[in-house]
Amino acid sequence: MERMISYYLFTTYVIVGAFLFGTLEGLNTEGQYLLQIRKSLVDNFNNLDNWNSSDSTPCGWIGVNCTQGSNPVVYALDLHSKNLSGYLSPAFGKLAHLTYLDVSFNDLTRKIPKEIGNCSALEFLLLNDNKFEDQIPKEIGRLSCLQSLNLCNNKISGPFPTEIGNLSSLTELIAYSNNISGSLPPSLENLKTLKVFRAGQNLISGSLPPEISGCQGLEWLGLAENQFSGEIPKEIGMLKNLSYLNLVSNLLSGTIPAELGNCTSLTTLALYKNNLEGPIPIELGNLVALEKLYLYRNILNGTIPREIGNLSRAVEIDFSENSLLGQMPIELTKITGLQLLYLFSNKFTGVIPDELTSLKNLSKLDLSINYFNGSIPIGFQYLTNLSKFQLFSNSLEGSIPQGLGVYSSIWLIDLSENSLSGRIPRHLCQNSNLSFLNLGSNQLTGNIPTGILNCKTLVQLRLVGNKLRGSFPLSLCKLVNLSAVELDQNEFSGPIPPEIGTCGRLQRLHLSYNRFTSELPREISNLSLLVTFNVSSNFLFGKIPPEIFSCNKLERLDLSHNNFVDALPDEVGTLSQLELLKLSENNLSGTIPVSLGKLLRLTELQMGGNSFSGSIPAELGTLSSLQIALNLSYNNLSGKIPYELESLDLLEFLLLNNNNLSGEIPDSLLNLSSLLGCNFSFNELSGSIPPFKQIQKMDSSSFMGNKGLCGAPLKPCNEAPPPLLPQDIEENRNRLGKIVAIISAAIGGVSLILITVIIYFMARPIDTVAPKQDKQFSSPVSDIYFSPKEGFSFQDLVAATDNFDDRFVIGKGACGTVYRAVLPGDHIIAVKKLASDREGNNVDNSFRAEILTLGKIRHRNIVKLHGFCYHQGASLLLYEYMAKGKYAYTMKVTENTMREVVLMLTESNKQKGVGRNTYCSPSHDANWDDEP
């Protein structure tokens, strides 16, 4: 019995052991490798649920393909679009029979394992559309059988490894949309079988290697949006099989190589957004298979070669945004299949050829921003495929073809900024497809046609700057797609009707510079999508309705240059999106609402030319985004300038002029570091101008009209004297009295002497016969002028003072009036016209000698006397003009000064033989203290 039990136990052990051994032995080696690979993958959607370790082989697993036969091996692993994350295990390198690996369109990260280079049989490696990082492993160069390598749309960085040139079987290399940098390796020339090379949207730099010409089988070369520089190598012309060349958005320079004309298989040539210059090579006319030619946004010049007309298969040609010139070649009309022609933003001249309208397949035409003149060819209205028609910013004239829109489903028309006249065609929307219409800045007349007003597909209507008339077109409010209406600068008139509130889809409404006369309808508040609203420069009146401020999406609001009255509603502060607010040149009154301080996005605030009163709200200092201007000029504002304005550190222009502001300009404005201009003029400001560069560099006119302001750029501020001690006050008072007495006596004596001398010489009888010597210098004009250096005629003095007009007076005294005169050569002098009660036409020689003597005296306390002029009884003293203010004209005459002057005069007159009774001293009028 025991023997039987032992037998059964042994048999059970054998069976269980055999079962366990068979299970472990059942899953082959490659299955074990795949289970290792699965451990590095995150399969949140259980797409790999049937990868079961109990299977003998993985050949039935999802994504796994095996060979046929008794010993199957894994030759393909396709896990694309399985929502996998995680990373690729180095165990991939153990799948020695693998020829196809696709893990594309997942969320895999980390770097590509270098062990992938061990899969020596691999022909297709598709790793695209993941998040792989780091560099391409150089071990990938071992895959000599690899035909297709797709790495696009990852985060791969670093350069292409030189070893990539060892992939001798490669036909397709796709690596666009990564962060690959460095230059292209010259080893690419070894890829003789390469047909497709796409590496756009990377950071690849350096020049295009000429060695790329070694890729003789290349058909597709896409290297757009990199940082390639230098010239396009002429060797690229050796790629006879090339059908697609895209070098867009690089830094390429130099000329387009003529050798490109040898690539006769090209169907697409895209070189736009570079720095290519020079003419378009005529050899491009050899590309007879070309369908798309994009050369726009370069620096190309010269004319369009006529050989371009040989591109008989061309469908799209874009030469826009260059410096091409000359006339449009007629040969373009030979390209009968042309659908798109863009020549905008060049320097083309001449007329638009009528022959262009023979291109029956043309659907998109843009000739804008050129110098085309003449009329719009009428044949354009017959092009049945025309959908986009743009001729803006030229010099076109005449009328718009009146049949435009009849035969085609045109959706965009922009003929703005020309000199077109006549009426707007009626049929532009006949086929109910028109979305954008811009006819602005022309000379169009009449009304807006009914066909436009009823165009249900219309999205934007721009008719700015014409001579259109009529009332506000209410029919537009029925257009459910209409988002923008711009009717500025026309002759529309009448009221803005309350029904405007039914234009519920409008985002932009511009009616400025018209003749609208009415109150602003409160129904505008129904335009809840309104972003910009401009009714400036009309004849609108009444109060600003507070309801309009419920348009809480408003970003730009312009009500300026109208006749709005009363207070600005506090509700203006609810427009939290507002960036521009213009209320200038109205009759608004009351205080400035403090709620304006809530408009934190405001960049420009224009409120000048109203009747606002009260103080400037300190809350304006919270407008930290204010940059363009803060204009509160020409109002009735009073009080001090709030120091809180210091927070407006982005502000460029601050205009507070022509108000009643008082106090000082706050030093806190030193913080306005962005200020380009300011104006504080014509207020009641006082004190010194803050010493910061932004204000001191500005013109003095920005501060004039403030009696109490001083400092640069105005006159300097007088420094206050140091405080006196009590014991010094009496002493200074006595000293001051003595000085005043001395100066008064001296000045009085000098004045008396000068008056006596002048009267004496004027009273002397005039000789009827002049000495022979004097007769030799006689002149028909009785003008006598003596000056040590300069020579000016009496006529010059009359012209400079406008016949001694009061506008030029800078001082008056008992013996005469002082004028400021600017003489030829910008020489400025002070002219004192002496009062006289007698007439004559001669001056005594002794008085002349005295004036000459005074003219030669130099003393630090005497204003320089230039000379004397006499004309028909008018006696003029010419003095040096002192431009530092009226105190500069004061002659500090003291007793010592007078003694020095008398001694100088005495010595000089002794030498000339002039009598002692002819002394001439400055009168006290010469102080000219009366300068305004």
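- Interatomic distance, Lys334 NZ to Ser358 OG, rounded to the nearest 0.5 Å: 12.0 Å.
- Using modelled atom types, no side-chain atom of Asn431 and backbone atom of Asn433 make a donor-acceptor pair closer than 3.5 Å.
- Residues Gln577 and Lys553 fail the side-chain proximity criterion, which asks for heavy atoms closer than 4.5 Å.
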side-chain contact (heavy atoms from CB on, under 4.5 Å) evaluation trace for Leu223 with Phe228: CA-CA 9 Å; Leu223 300 175; Phe228 289 108; 3.7 Å; yes
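- The minimum heavy-atom distance linking Ile378 with Pro401 is given by the pair CA-CG, 4.1 Å.
- Put simply, CD1 on Ile156 and CG on Asn179 are 9.5 Å apart, with the number rounded to the nearest 0.5 Å.
- Side-chain contact between Leu444 and Leu463 is absent, with no heavy atoms from C-beta onward closer than 4.5 Å.
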Stepwise side-chain contact (heavy atoms from CB on, under 4.5 Å) test for Tyr244 and Arg198: CA-CA 11 Å; Tyr244 181 93; Arg198 301 178 64 185; over 6 Å; no
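- You'll find the side chain of Leu343 stays beyond 4.5 Å of the side chain of Leu324, heavy atoms only.
- Residue Leu367 comes nearest to Asn394 through the heavy atom pair O-ND2, 3.1 Å, listed as atom of the first residue, atom of the second, then distance.
- A distance-only check finds a donor-acceptor pair linking the side chain of Ser243 to the backbone of Glu219 [under 3.5 Å].
- Counting heavy-atom neighbours within 6.0 Å of Tyr407 OH, excluding the residue itself, gives a total of 12 or less.
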Criterion side-chain contact (heavy atoms from CB on, under 4.5 Å) on Met328 and Phe348, from CA distance to verdict: CA-CA 7 Å; Met328 188 188 307; Phe348 293 115; 5.7 Å; no
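- Across all non-hydrogen atoms, the minimal contact from Ser419 to Gln443 is CB-NE2, 4.1 Å.
- Between Ala289 and Arg313, the shortest heavy-atom contact is CA-CD, 4.1 Å.
- For the atom pair CG (Leu530) and SG (Cys503), the distance works out to 10.0 Å, reported to the nearest 0.5 Å.
- Each of Ile496, Asp488, Asp558 was evaluated against Val535; a single residue qualifies, Ile496, per the side chain to side chain contact (heavy atoms under 4.5 Å, CB included) test.
- Side-chain atoms of Asn250 and Leu208, non-hydrogen and from C-beta on, never get closer than 4.5 Å to each other.
- A donor-acceptor pair under 3.5 Å links the side-chain atoms of Asn538 to the main chain of Asn514, judged by distance alone.
- Between Glu491 and Arg469, none of the side-chain N atoms (NZ, or NE/NH1/NH2) sits under 4.0 Å from a carboxylate O, so this pair counts as no salt bridge.
- Counting only distance, with no hydrogens or angles, the side chain of Asn562 and the backbone of Leu540 share a donor-acceptor pair below 3.5 Å.
- Pairing each heavy atom of Leu252 with each of Leu247, the nearest pair is CD1-CB, 3.9 Å.
- The backbone N or O of Glu277 lies less than 3.5 Å from no partner atom in the side chain of Asn298, so there is not a single donor-acceptor pair.
- Among residues two or more places apart in sequence or in another chain, the side-chain hydrogen bond (donor to acceptor under 3.5 Å, both in side chains) test is passed with Ser393 by Glu417.
- Not counting sequence neighbours, Glu523 has no partner by the salt bridge (Lys or Arg N to Asp or Glu O under 4.0 Å) test.
- Under a 3.5 Å cut-off, the side chain of Ser441 and the backbone N or O of Ser416 do not form any donor-acceptor pair.
- In this structure, the side chains of His510 and Thr532 come closer than 4.5 Å at one or more pairs of heavy atoms.
- Applying the salt bridge (Lys or Arg N to Asp or Glu O under 4.0 Å) rule to Arg556 yields no partners; only residues at least two apart in sequence or on another chain are considered.
- Put simply, the side chain of Asn346 gets close to the backbone of Asn322: a donor and an acceptor are under 3.5 Å apart.
- To the nearest 0.5 Å, atom OG of residue Ser375 and atom CG of residue Leu396 are 8.0 Å apart.
- Between Phe105 and Asn130, the shortest heavy-atom distance links the atoms N-ND2, 4.0 Å.
- Listed by chain and residue number, Tyr296 satisfy the ring-ring contact (aromatic ring centres under 6.0 Å, His included) test with Tyr272 (two or more places apart in sequence, or in another chain).
- For the atom pair OG of Ser323 and CD1 of Ile299, the computed distance is 7.5 Å after rounding to the nearest 0.5 Å.
- Distance check, rounded to the nearest 0.5 Å: CG of Asn202 to OG of Ser177 gives 7.0 Å.
- Sorted by first and then second residue, the salt bridge (Lys or Arg N to Asp or Glu O under 4.0 Å) pairs involving residues 439-453 (not counting sequence neighbours) form an empty list.
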Working for side chain to side chain donor-acceptor pair (under 3.5 Å), residues Glu316 and Tyr294: CA-CA 8 Å; Glu316 297 184 358; Tyr294 304 131; 2.3 Å; yes
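- Heavy atoms from other residues, nucleotides or ligands lying under 6.0 Å from OH of Tyr513 number 12 at most.
- Looking only at side-chain heavy atoms (C-beta outward), Leu520 and Phe533 come within less than 4.5 Å of each other.
- Checking side-chain atoms of Asn286 against main-chain N and O of Thr264 turns up no donor-acceptor pair under 3.5 Å.
- Below 30°, between 30° and 60°, or above 60°: for Phe436 and Trp411 the angle between ring planes is above 60°, a perpendicular geometry.
- Looking only at side-chain heavy atoms (C-beta outward), Leu391 and Asp414 stay at 4.5 Å or farther from each other.
- Side-chain atoms of Asn418 do not come within 3.5 Å of backbone N or O of Asn442 as any donor-acceptor pair.
- Looking only at distances, no side-chain donor or acceptor of Asn310 sits under 3.5 Å from a matching main-chain atom of Ile308.
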Full working for side-chain contact (heavy atoms from CB on, under 4.5 Å) between Phe539 and Arg515: CA-CA 6 Å; Phe539 299 96; Arg515 300 174 183 174; 4.3 Å; yes
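- Every side-chain contact (heavy atoms from CB on, under 4.5 Å) that Cys455 has, sequence neighbours left out, goes to Cys429, Leu434, Thr457, Leu458.
- In this model, no donor atom of one side chain and acceptor atom of the other lie less than 3.5 Å apart for Ser249 and Glu225.
- Between Leu356 and Phe380, some side-chain heavy-atom pair lies under the 4.5 Å cut-off.
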